[in-house]
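First the proteins, then the strands, lettered A, B, ... as listed; each starts at 1.
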Amino acid sequence: MEDSNQIIAQRRQKAGELAKEGITLYANDFKPGHRIIDLLPADDFDHDTPLSAGTMSVAGRIMALRRFGKAAFLHLQDGTGRIQVHVKRDEVGDAAYAIFKKLDIGDIAAFTGPLFRTKTGEVTIQALSLKLLTKSLLPLPEKFHGLTDIETRYRRRYVDLMVNPEVRDTFRKRVEIIRLVRDFLTNRGFLEVETPMMQPIAGGATAKPFKTHHNALGMDLYLRIAPELYLKRLLVGGFERVFEINRNFRNEGLSTRHNPEFTMLEFYQAYATHEDMMELTEEMISWVAMEVCGTMQISYQGREVDLAPPWRRYTMDEALEKVGGLSRELLSDFAALKKLALSKGVELQPQAGIGKVKTELFELLVEERLIDPTFITAYPTEVSPLARRNADNPEITDRFELFVTGREIANAFSELNDPDDQRQRLEKQIAERGADEEVFPELDDDFLRALEYGMPPAAGEGIGIDRLVMLLTDAPSIRDVILFPHLRPEKK
RNA sequence: GGGUCGUUAACUCAGUCGGUAGAGUAUCUGCCUUUUAAGCAGAGAGUCGUUGGUUCGAAUCCAACACGACCCA
């Protein structure tokens, strides 16, 4: 379809003419001597700093072009920035100018020459020579509105990155955030490890897995829904502080907050409790925000969010009471709670207990109203199959979830390390699921065996990296922080 | 899975009551050696998402489908 387009035909024709004249369309024998950012003054409005003397050489993509017959201005963009180049026939010579006339917006080219300031003060390279490095055959989006069509931006992320600087910024920040998290944990003695992405049993969370098959072994495997059970095996093995930043895969619906593959940080610390994890989380996220955003008071989608610790802490009951507006009496009245949940349209399995009902009501009434960071603690044991029971009240666990801007960012708990309790709770969970599940949940016997060897008391936490990046880059959709979000195939 | 909205030139968008398609940018030609959404003059560029239906006639009305966005589960 695109081959028949006039603009593309013209570009191919120009490329053909250049090739016929002996110009290499895809040369790879030029090494730029300078990065564009290093040629520009630190402050755009500083018109007094002397410019570096001598001949500069840069390479990049032509993003804008204004021709005047025997001269032209263009903007060249490399990985560091954008600089104006002035090309004059009298300076580059007739032969080079003839080649230059066949260059287009989108071409990658090299220019060498000294710096000067135009009469409006813009630092500009006066080209003395130029070289085509890569001919571009497809036109770039319009200069003023750019590329805004969301579908095209995701499908052709390379064009999005080329023309939308704020998109480049977001993904640079993403890399920075991950690096900072890694540094933070490494500096506290955590060991970064890699555990299986393909697992014989998809454990460690409640989610539908992707299924795949190993031909040589003749066995089905699942893409992991969580690394949790493997990281805990490492605690058993004696690594007392471990973390992993890697992909999880969940075979469920897509939304502005869900991509089938997403990046998860999980970390585990021996001899720590969920209380320690709360402190660590406050420290880590507020520090990362400070490093990346320069402040702990950030704005997300028009709402002010204060990330400065300490953060609010509510038990689930407190949150239901203070934020959800439920009375204390109601919270201990299972029948009434259940009736309320059903009246709100919550679907409950027959075996759902009070803990499950409270959790459903929490998601419905409280979650989206937690804008500033809030730890919700004392999760019911019923919905926390891997968490340690509270010493004073076995119906709740030593667990918290962290909510910011109405979204779950982290989930952590003191780990259950009693192998018999763990076995019972997993068996119960499996018994309650099952029938309607596409993938029948299985008991991970090896994990339980590991616990029988003895896992040190520990706390662990998972943080959704994509959601953290969304928060710190003010991105409304998870697709804005994943370079190549999942889309259906493009129709021919 | 359900609902709502969208899909028109390479890009960003108009298109009235149903009468065979418009603008800006980009491209091409000419002029133009400090412009920056350069300017002036001219030109070319379209399977109106797809397939059916209604109609003398469909970008426009109807249906199904595809892809996307948002909301809900």
Presence of R117(A) side-chain N/O under 4.0 Å of U34(B) phosphate oxygens OP1/OP2: no
Counting only Watson-Crick or G-U wobble pairs whose two distances fall under 3.5 Å, which nucleotide matches A41(B)? U29(B)
Which nucleotide, if any, forms a Watson-Crick or G-U wobble pair with C5(B), using both distances under 3.5 Å? G68(B)
Closer than 4.0 Å, any side-chain N/O of T118(A) to the OP1 or OP2 of U35(B)? no
For L147(A) and I150(A), take the nucleotide of RNA chain B holding the closest heavy atom to each; which residue's nucleotide lies nearer the 5' end? L147(A)
Applying the 3.5 Å cut-off to both distances, the Watson-Crick or G-U partner of U51(B) turns out to be A63(B)
Ring of F68(A) versus six-membered ring of C32(B): centres under 5.5 Å and planes under 30°? no
Complementary nucleotide for C56(B) - Watson-Crick or wobble, under 3.5 Å: G19(B)
Answer yes when R257(A) and D466(A) have at least one side-chain N-carboxylate O distance shorter than 4.0 Å, and no when they do not. no
For Y314(A) and F362(A), I'd like to know if the aromatic rings sit close, meaning centre-to-centre distance below 6.0 Å. no
Whether F100(A) and F111(A) hold their rings parallel, tilted or perpendicular, with breakpoints at 30° and 60°: perpendicular
Salt bridge E382(A)-K356(A), side-chain N to carboxylate O under 4.0 Å: no
Measure CG/L254(A) against P/A73(B) and give the value in whole Å, please. 17 Å
